[in-house]
Amino acid sequence: MLWKTAPLLALVGQVLVLENGLLRRPPMGWLAWERFRCNTDCEEDPENCISERLFMEMADRLAQDGWRDLGYTYLNIDDCWIGGRDAKGRLVPSPKRFPNGIAFLADYAHSLGLQLGIYEDLGNFTCMGFPGTTLDKVVQDAQTFAEWKVDMLKLDGCFSTPEERAKGYPMMAAALNATGRPIAFSCSWPAYEGGLPPKPLCSLRAAEGDSYAGLCLPDTQVNYSQLAEICNLWRNYDDIQDSWSSVLSVLDWFVDHQDILQPVAGPGHWNDPDMLLIGNFGLSFEQARAQMALWTVLAAPLFISTDLRTISAQNMDILQNPLMIKINQDPLGIQGRRILKEKSLIEVFLRPLDNNAYALVFFSRRTDMPYRFHCSLSQLNFTSSSLYEAQDVYTGGVISGLQTETIFTVIINPSGVVMWYLYPIGRLRTPLQ
């Protein structure tokens with residue numbers, strides 16, 4: 001079978017894990033899917049169809065409207081770009097919608113200081129029915145993407161079996177590394193296995209009598225740490241939809257499994273709760289600010305999926321908040337977690353940051369009216385004798401001289417957040433000092 005062919009075994013033996021040195025901080029950029037889906041009708045809707053024109057116009061906006069300079073550098077193609085395969089089995093884009101090819105689009109993105117991401121699917125077809133990357137095409141497709149100068153690959157999992165995914169995702173990681181081009185690898189593997197750690201390839205290969213099964217760790221050690229050795233980021237859960245209920249369903253799943261998910265996130269390997277909906281049609285102003293804050297405290301990739309040509313100033317302010325981005329891109333790369341859940345439907349999330357600072361998100365699930373939440377740092381398990389200062393990430397307001405026992409009040413709007421950047425400013429003096 002294919003897995004035992006000599007070239008593939010050579011790849012696996014030489015590049016067992018990704019180790020590409022990429023995405024030391026959560027990636028930021030623009031992704032087509034949520035806003036533009038699989039619109040391929042360029043005759044009726046030329047401005048919004050999945051095409052070379054759309055991605056060039058979004059690249060222009062990223063470069064000219066401040067996005068790139070804040071860190072939003074990835075321009076990511078999703079499904080529906082593929083036109084088929086040529087006589088040699090190589091992927092080719094739709095000739096009508098991408099007349100100059102993907103390499104041209106990559107060069108255009110690079111000329112603007114951006115990076116190009118592309119999509120494929122580890123199966124017979126992509127989720128929308130275009131040609132997929134079957135196991136026998138993994139190496140060839142990786143080489144094609146490298147020749148096109150692609151910078152990120154998102155590999156979906158529609159129309160694939162658990163066995164194919166268990167073989168294919170490590171194969172693609174090895175194949176990408178073997179090209180010699182740095183290509184960040186975004187996997188959808190866990191999302192197709194119920195979101196929790198997928199079975200490793202070890203038992204499958206051992207059952208087949210594969211002598212290379214010893215390259216894997218034993219089944220007893222299977223966890224997300226193994227996935228982190230294969231992928232730079234991974235989708236864990238269902239596709240997000242343009243609604244507040246969808247945001248909450250993703251958040252709830254991440255909180256329910258935070259003991260598994262939180263420890264494995266870090267530089268080079270990130271949990272991905274899916275795209276930002278901000279700027280589309282399903283979120284209110286408060287909900288948009290909440291998603292941005294919650295995704296930031298989760299150390300999530302920040303992939304915008306809206307029309308950057310028409311986005312409002314209000315939504316740009318949310319997405320381009322410099323302090324928010326600083327927190328998201330914190331070099332420690334620690335994923336935050338929920339630390340408090342109150343009967344009042346107020347929840348508190350905390351993320352440790354560099355230089356002994358913290359991000360705190362006070363989140364209201366209430367739908368009735370603004371809520372006055374009284375708390376202290378000691379109630380949030382702070383025990384330091386330091387004095388703290390808190391800067392409101394959205395308003396810029398500062399509260400100085402917070403001690404751990406100081407009672408403070410935050411007013412949180414329904415479905416909204418108050419977010420603090422909390423940092424020490426000194427130590428309390430005891431009577432003997």
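By convention here, the first residue in the shown sequence is residue 1.
At least one donor-acceptor pair closer than 3.5 Å links the side chain of Arg97 to the backbone N or O of Cys80. Checking side-chain atoms of Glu120 against main-chain N and O of Lys154 turns up no donor-acceptor pair under 3.5 Å. Although no hydrogens or angles enter the test, the distance criterion places a donor-acceptor pair under 3.5 Å between the side chain of Gln258 and the main chain of Arg338. For Arg25 (side chain) and Gly333 (main-chain N/O), no donor-acceptor pair under 3.5 Å exists by modelled atom type. In this structure, Glu147 contributes its side chain and Thr144 its backbone to no donor-acceptor pair below 3.5 Å. Although no hydrogens or angles enter the test, the distance criterion places a donor-acceptor pair under 3.5 Å between the side chain of Ser305 and the main chain of Leu31. No side-chain donor-acceptor contact under 3.5 Å links Gln335 to the backbone of Val297.
For CG of Asp41, the number of neighbouring non-hydrogen atoms (other residues, nucleotides, ligands) closer than 6.0 Å is greater than 12. Heavy-atom neighbours of Phe125 CZ from other residues, nucleotides or ligands within 6.0 Å: at or below the threshold of 12.
Nearest approach of Ile230 to Ala173, heavy atoms of both residues: O-CB, 3.3 Å. Nearest heavy atoms, Met419 versus Ile327: CE-CD1, 3.9 Å. Of all heavy-atom pairs spanning Asn321 and Leu323, the tightest one is OD1-N, 3.1 Å. Here the closest heavy-atom approach between residue Thr296 and residue Asn328 is recorded as CG2-N, 3.5 Å. Between Ala293 and Val417 the shortest heavy-atom distance is CB-CG2, 3.9 Å.
Residues Phe362 and Trp420 place their aromatic rings such that the two centres sit under 6.0 Å apart. Between Phe55 and Trp30, a ring centre-to-centre spacing shorter than 6.0 Å is recorded. Taking the six-membered ring where the residue is Trp, the centroids of Tyr421 and Tyr358 are separated by 6.0 Å or more.
Under the 30°/60° scheme for interplanar angles, the aromatic rings of Trp253 and His257 are found to be tilted.
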Item to check | Steps toward salt bridge (charged side-chain N to carboxylate O under 4.0 Å, His left out) verdict (Arg37, Asp78) | outcome: CA-CA 8 Å; Arg37 300 285 174 158; Asp78 209 89; over 6 Å; no
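Geometrically, Arg337 does not engage Phe349 in a cation-pi contact, judged by NZ or CZ lying under 6.0 Å from the ring centre and within 45° of the ring axis.
In this structure, the separation between CG on Leu116 and OG1 on Thr73 is 11.5 Å, given to the nearest 0.5 Å. Atoms OH and CD1, from Tyr74 and Ile304 in turn, are 15.0 Å apart once rounded to the nearest 0.5 Å.
Side-chain contact between Tyr169 and Leu227: absent, with no pair of heavy atoms (C-beta onward) separated by less than 4.5 Å.
Evaluated for a side-chain contact (heavy atoms from CB on, under 4.5 Å) with Leu302, the options Leu319, Leu276, Ile278 yield exactly one hit, Leu276.
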